[in-house]
Structure formats: structure tokens, C-alpha cells
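Okay, so here's the structure we're looking at.
Counting starts at 1 for both ligands and their atoms, in listed order. Nothing fancy with the numbering, it's 1 onward along the sequence.
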Amino acid sequence: MLIFVYGTLKSGEPNYNLMQDETSGMCIPRGVAYTKQKYPLVVASRYNVPYLLDKPGIGHNVQGELYEVDDAQLERLDRLENHPKFYIRKDVVVTRNKDDTSSGENIAAQAYFLVNFRPHLLELSMLESYKDMIDGKKYSKHKDRDVQAPLWWYEIHTDYEKEI
Ligand code: PCA
């Protein structure tokens with residue numbers, strides 16, 4: 001299947017190593033793509049994590065990268081993204097050309113969305129394309145976090161109560 005990555009899994013970003021290590025799964029790059037619908041893409045929470053919010057029609061036609069993955073690689077990505085507890089992997093339609101978002105080809109892929117997000121996230125600045133250190137916000141990798149999931153998830157999730 002095709003997975004559309006828009007955040008830290010993109011080439012050059014902090015979790016890209018997961019897309020490159022072929023020992024535990026297949027992951028073939030299939031180029032840059034854009035969501036056909038607009039979505040809010042924000043960087044939020046204490047660890048400056050990028051989130052694609054499941055709210056079509058707001059934000060930008062988000063730029064990302066397509067990868068063809070097998071079940072083993074998908075399982076690995078699902079583990080990193082904590083699907084389906086934190087992000088939810090859902091269908092998304094993308095296209096190769098930025099100018100094609102209103103017509104043109106439809107490519108069926110899946111992406112990791114934040115579904116149960118707190119409304120304040122919609123007040124943040126919405127990106128067209130993620131890059132670590134945007135607005136000085138540096139992403140913290142899981143191993144560098146002082147508070148582990150799900151204890152800090154209430155910051156962005158409606159499904160978790162404040163625990164710390
Ligand atoms: N990793 C996934 C979702 C957000 C993130 O940082 C991605 O790059 O698509």
C-alpha cells in the first residue's frame with residue numbers, strides 16, 4: 001500500500017531513519033505529493049510534534065512524500081505513531097502536482113491523522129510543508145522525552161485527561 005508521510009518521516013526529518021532501514025520491511029519512495037483537499041497541519045505540544053488534523057477544507061494542500069510499504073513496514077510505522085490510539089491511519093487522496101489539487105489525478109493513500117484533537121490546535125499557524133525547527137520549534141524524539149506517552153497526550157487530544 002501507499003503511505004503519505006507529511007511530518008518527521010519525510011526525507012531529512014527526524015524519523016526518516018525508519019523509512020530507510022530495510023531490514024524489517026519494504027519501503028520504496030514514490031515521490032512528492034500533495035493532499036487534494038486542504039487540511040490543517042500544525043506543530044504542537046511540548047515536544048513540537050507535527051499533526052495533520054482531520055478537518056478537511058481548512059489550511060493548505062499539504063505537501064508530503066509517498067512510499068510503498070509492506071505489512072512489516074506498516075506495522076513499524078503504526079507502532080511509532082501509536083495508531084490507533086494517538087494518530088489514526090486513514091485514507092487520504094493525493095496528487096503529484098501542486099496545481100492539480102482541484103482536478104487532475106487522484107492517488108489513494110493513507111496518512112496518520114489526529115482525529116480527536118483539541119480545538120485550540122486550529123488557532124495555530126497552519127503549514128503547507130513541515131520542516132523541523134519551523135518557528136524555532138524543535139522536535140523531540142521519543143527517546144529524548146522526559147514524559148512518556150500517553151501522559152502528555154491531553155495537551156492535544158480530547159480523549160485523554162490531564163494526568164501530570
Ligand atoms: N510522522 C508521521 C505523522 C506525523 C509524524 O511526525 C508522518 O511523517 O507522516
Side-chain angles (χ1 to χ4, degrees), residues 1-21 24-56 58-96 107-118 121-122 124-145 147-150 152-153 155-157 159-160:
M1 68 155 284
L2 278 176
I3 188 104
F4 173 79
V5 305
Y6 60 84
T8 60
L9 292 169
K10 290 200 299 186
S11 65
E13 298 306 330
N15 289 319
Y16 183 53
N17 60 308
L18 257 92
M19 309 300 278
Q20 284 184 305
D21 175 5
S24 58
M26 179 200 82
C27 189
I28 303 169
R30 294 289 188 220
V32 169
Y34 300 82
T35 59
K36 290 217 58 164
Q37 289 198 283
K38 292 183 179 0
Y39 290 100
L41 168 59
V42 300
V43 174
S45 71
R46 66 181 69 193
Y47 298 124
N48 295 320
V49 178
Y51 304 104
L52 193 60
L53 308 181
D54 187 25
K55 183 96 179 165
I58 299 180
H60 298 278
N61 300 102
V62 169
Q63 191 221 60
E65 297 170 1
L66 286 170
Y67 291 85
E68 200 172 325
V69 296
D70 65 2
D71 289 350
Q73 175 68 9
L74 196 58
E75 213 184 295
R76 230 168 140 216
L77 298 180
D78 283 353
R79 227 177 302 132
L80 175 83
E81 308 303 349
N82 260 303
H83 164 78
K85 284 194 187 140
F86 186 70
Y87 292 93
I88 294 182
R89 177 163 48 77
K90 290 185 60 167
D91 290 341
V92 66
V93 179
V94 300
T95 188
R96 286 192 191 284
I107 302 171
Q110 292 203 321
Y112 293 98
F113 283 92
L114 202 58
V115 173
N116 301 318
F117 59 89
R118 292 199 181 271
L121 296 191
L122 290 170
L124 297 171
S125 84
M126 295 178 187
L127 309 174
E128 183 175 353
S129 177
Y130 168 78
K131 206 177 173 328
D132 191 20
M133 287 299 286
I134 273 184
D135 299 332
K137 294 179 183 171
K138 183 159 175 49
Y139 174 78
S140 282
K141 289 190 171 202
H142 294 219
K143 66 174 171 54
D144 299 330
R145 295 176 185 173
V147 179
Q148 294 307 313
W152 58 275
W153 288 1
E155 291 182 10
I156 39 94
H157 234 277
D159 284 355
Y160 293 86

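Rounding to the nearest 0.5 Å places NZ of K36 at 5.0 Å from OG1 of T95. Atom-to-atom distance recorded for K10:NZ and M19:CE is 12.0 Å, nearest 0.5 angstrom.
The aromatic rings of Y112 and H83 sit perpendicular, their planes meeting at an angle over 60°, well past the 30° parallel limit. Under the 30°/60° scheme for interplanar angles, the aromatic rings of W153 and H157 are found to lie parallel.
A ring-centre distance under 6.0 Å is not found for Y39 and Y6.
More than 12 heavy atoms of other shown residues, nucleotides or ligands fall within 6.0 angstrom of atom CG in D144.
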Exercise answer, ligand 1 polar atom pairs (N/O) under 3.5 angstrom:
from     : atom 1 : to  : atom 2 : distance (Å)
ligand 1 : 1 (N)  : T8  : OG1    : 3.4
ligand 1 : 1 (N)  : E81 : OE2    : 2.9
ligand 1 : 6 (O)  : T8  : N      : 3.0
ligand 1 : 6 (O)  : T8  : OG1    : 2.6
ligand 1 : 8 (O)  : G7  : N      : 2.8
ligand 1 : 8 (O)  : T8  : N      : 3.2
ligand 1 : 8 (O)  : L9  : N      : 3.0
ligand 1 : 9 (O)  : Y6  : N      : 3.0

